[in-house]
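Below is one structure, written out as structure tokens; the observations come after it.
As the structure is a computational prediction, the values presented were derived from the model and not from experiment. Residue numbering restarts at 1 for every chain, and letters A, B, ... go by the order of the sequence lines.
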Number of protein chains: 2
Amino acid sequence: MVLPRAARTQRRTRIQEEKEEQILEAALDVFATHGFRGSTIDQIADVAGMSKPNLLYYFRTKEAMHRALIDRVLDSWLDPLREFDAEGNPVTEICSYIRRKLEMARDFPRESRLFANEILQGAPHIEDELKGPLKALVDEKAEVIRAWAKAGKIAKCDPYHLIFAIWSTTQHYADFDVQVRDVLGEERSGEGRFEDAARFLEQLFVKGLEIKNGGD
Amino acid sequence: MVLPRAARTQRRTRIQEEKEEQILEAALDVFATHGFRGSTIDQIADVAGMSKPNLLYYFRTKEAMHRALIDRVLDSWLDPLREFDAEGNPVTEICSYIRRKLEMARDFPRESRLFANEILQGAPHIEDELKGPLKALVDEKAEVIRAWAKAGKIAKCDPYHLIFAIWSTTQHYADFDVQVRDVLGEERSGEGRFEDAARFLEQLFVKGLEIKNGGD
DNA sequence: TGATAATTTGACCGGTTGGTAAAACATTAC
DNA sequence: GTAATGTTTTACCAACCGGTCAAATTATCA
């Protein structure tokens with residue numbers, strides 16, 4: 001048989017899993033740094049340490065690689081937001097959401113950049129996911145936040161823009177890492193910058209959403 | 001003479017200024033959406049409405065176009081931060097900085113995306129500018145913020161991460177525009193989203209940096 | 001073992017890429 | 001006008017792109 005893997009129904013060999021893993025790992029590297037159009041199969045093959053036709057044996061097109069990556073990463077990328085708990089203490093929930101998002105920016109920067117590239121360039125491959133599952137999840141969590149505000153547990157605010165603010169401030173440390181490190185200078189560019197960022201952002205959001213004495 | 005414009009010392013004709021303008025305008029469109037490597041000269045030529053060799057008569061390489069764009073845009077991009085005034089009222093200064101950055105995200109999204117693409121992809125063409133002029137400017141303004149905190153005018157906080165937070169939250173509306181609009185849904189995707197964002201961000205930063213009664 | 005299926009590779013293809021050469025065309029200066 | 005200069009285009013090139021093919025190699029298993 002010469003049918004490439006994608007045409008088969010079931011995963012067979014151990015070697016297939018390994019190679020696909022190896023390819024996606026390399027593809028993540030390349031797509032995250034150059035975007036879809038700026039990346040080449042040869043580059044990915046190089047990083048993966050295999051020949052181009054060999055890559056195309058496991059993924060029939062460049063798009064198939066990209067899609068496989070997106071599918072695999074999108075889900076886990078939204079996990080922190082899913083954990084947002086309506087029953088929890090608002091301040092605790094928001095703080096731990098920020099912390100988790102910052103940890104992901106620190107530990108999985110390539111995944112963040114993969115999405116950033118995609119969205120920056122108009123989300124040509126994932127607009128359905130944005131309009132569908134992502135919007136649905138955000139709508140749900142926005143309702144939670146609105147309820148907290150209504151119950152007087154946090155200040156009244158636009159929940160959507162609150163979520164955008166948390167996304168942007170945290171992902172900034174992955175997507176704009178070069179700039180962050182250049183501006184902080186070498187002596188402050190160690191891993192400690194994530195701790196500093198966490199401290200600052202928690203202060204900002206907690207105080208920013210606090211209920212004033214006698215106010216709303 | 002067949003020397004392209006770049007080789008000459010002085011600008012001569014009116015037509016040169018016009019064409020260069022036209023090319024950079026088109027290049028901004030293309031580079032902002034696809035990044036440097038993902039953009040092609042043919043594409044830019046198409047958008048500019050001229051032939052590829054004609055483009056290359058004014059800019060000898062694709063890189064020359066990109067560099068010309070970066071140089072032209074970087075300066076104006078930093079203007080809002082330069083206006084940050086040590087003598088002004090901290091709350092006013094920060095609010096108007098946020099508002100100006102949001103206006104730029106609304107009115108010049110392509111410029112924002114041009115930089116975002118560049119930095120996302122490791123800033124291969126502008127790292128010197130980041131480490132030099134940008135860092136210097138941020139260092140200076142960070143000192144201003146630190147002084148405000150020391151004087152008890154705003155809460156103590158890491159000034160660098162404050163600046164990052166303002167950058168990321170405001171530029172988010174240009175760089176991640178597709179996502180913002182997809183999540184907000186069609187009915188909330190009008191220009192009003194910038195007003196909503198401004199209101200939210202001012203509240204967040206003003207309250208977040210407020211001095212508590214009796215606290216720091 | 002050997003037969004069979006799975007994997008890998010080198011050679012290749014048509015289309016696109018950044019860029020060039022030279023001649024045609026337009027503009028300006030006298 | 002016309003000569004010199006400035007601008008634009010057509011035709012082209014070598015390198016690279018995504019992807020195919022068939023043959024070679026390796027793993028699996030009776």
Side-chain angles (χ1 to χ4, degrees), chain A residues 1-27 29-31 33-69 121 124-125, chain B residues 1-27 29-31 33-69 121 124-125:
Chain A
M1 270 270 226
V2 268
L3 274 185
R5 186 239 124 215
R8 270 171 264 126
T9 321
Q10 285 208 327
R11 174 143 307 144
R12 303 275 171 87
T13 68
R14 191 193 78 263
I15 194 166
Q16 281 179 9
E17 285 205 43
E18 280 178 10
K19 292 282 161 154
E20 283 175 21
E21 188 57 41
Q22 199 177 333
I23 292 170
L24 290 182
E25 166 70 21
D29 248 49
V30 177
F31 283 135
T33 3
H34 297 111
F36 182 75
R37 293 191 35 167
S39 304
T40 71
I41 303 185
D42 291 276
Q43 248 179 310
I44 300 173
D46 243 35
V47 175
M50 29 200 314
S51 68
K52 179 167 65 171
N54 202 2
L55 245 77
L56 290 163
Y57 171 74
Y58 291 101
F59 297 93
R60 281 192 304 211
T61 63
K62 185 177 152 185
E63 273 213 47
M65 288 178 221
H66 191 255
R67 171 127 298 275
L69 256 187
Q121 307 188 358
H125 305 95
Chain B
M1 271 269 229
V2 266
L3 275 185
R5 186 242 123 210
R8 271 172 262 128
T9 321
Q10 285 208 327
R11 174 144 306 143
R12 304 275 172 89
T13 67
R14 192 194 76 263
I15 195 168
Q16 280 180 8
E17 285 204 45
E18 280 178 11
K19 292 282 162 151
E20 282 175 23
E21 188 57 40
Q22 198 177 332
I23 291 170
L24 289 182
E25 167 70 22
D29 247 51
V30 176
F31 283 135
T33 5
H34 297 110
F36 182 75
R37 295 193 33 168
S39 303
T40 71
I41 303 185
D42 292 275
Q43 246 180 311
I44 299 174
D46 243 34
V47 176
M50 28 202 313
S51 69
K52 178 168 65 170
N54 201 4
L55 245 77
L56 291 163
Y57 171 74
Y58 292 100
F59 296 93
R60 280 190 306 207
T61 64
K62 185 177 154 186
E63 273 213 48
M65 287 179 223
H66 192 255
R67 171 129 297 273
L69 255 188
Q121 308 187 359
H125 304 95

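By the side chain to side chain donor-acceptor pair (under 3.5 Å) test, A/Q22 is found to be paired with no residue, residues two or more places apart in sequence or in another chain being considered. For B/H34, there are no ring pair (Phe, Tyr, Trp, His ring centres under 6.0 Å) partners, not counting sequence neighbours. In terms of the side chain to side chain donor-acceptor pair (under 3.5 Å) criterion, B/E63 has no residue partners (sequence neighbours excluded). Residues passing the salt bridge (Lys or Arg N to Asp or Glu O under 4.0 Å) test with A/D46: none are found, sequence neighbours excluded. The salt bridge (Lys or Arg N to Asp or Glu O under 4.0 Å) check on A/K52 picks up A/D42, with sequence neighbours excluded.
Summarising the geometry, the separation between CD on B/Q22 and C1' on D/dT7 is reported as 13 Å, rounded to the nearest angstrom. To the nearest angstrom, C1' of C/dT9 lies 15 Å from CG of A/D46. Distance B/H66 NE2 to C/dT17 P: 17 Å, rounded to the nearest Å. Atom-to-atom, CD of B/E18 to P of D/dT7 comes out at 11 Å; the value is rounded to the nearest Å.
An OP1 or OP2 oxygen of D/dT9 is reached within less than 4.0 angstrom by a side-chain nitrogen or oxygen of B/N54. Note on A/Q16: a side-chain N or O is less than 4.0 Å away from OP1 or OP2 of C/dT7. Residue B/S51 places at least one side-chain N or O under 4.0 Å from the OP1 or OP2 atom of D/dT9. Side-chain N/O atoms of B/Y57 include one lying less than 4.0 angstrom from OP1 or OP2 on D/dT7.
Here the side chain of B/K62 pairs a donor or acceptor atom with the backbone of B/S39 at under 3.5 angstrom.
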Report each atom pair, protein N/O against N/O of nucleotides 17-20 of chain D, whose distance is under 3.5 angstrom.
residue: D/dG18; atom: OP1; partner: A/S39; partner atom: O; Å: 3.2
residue: D/dG18; atom: OP1; partner: A/K62; partner atom: NZ; Å: 3.0
residue: D/dG18; atom: OP2; partner: A/I41; partner atom: N; Å: 2.9
residue: D/dG18; atom: N7; partner: A/K52; partner atom: NZ; Å: 3.0
residue: D/dG19; atom: OP2; partner: A/K62; partner atom: N; Å: 2.8
residue: D/dG19; atom: O6; partner: A/K52; partner atom: NZ; Å: 3.2

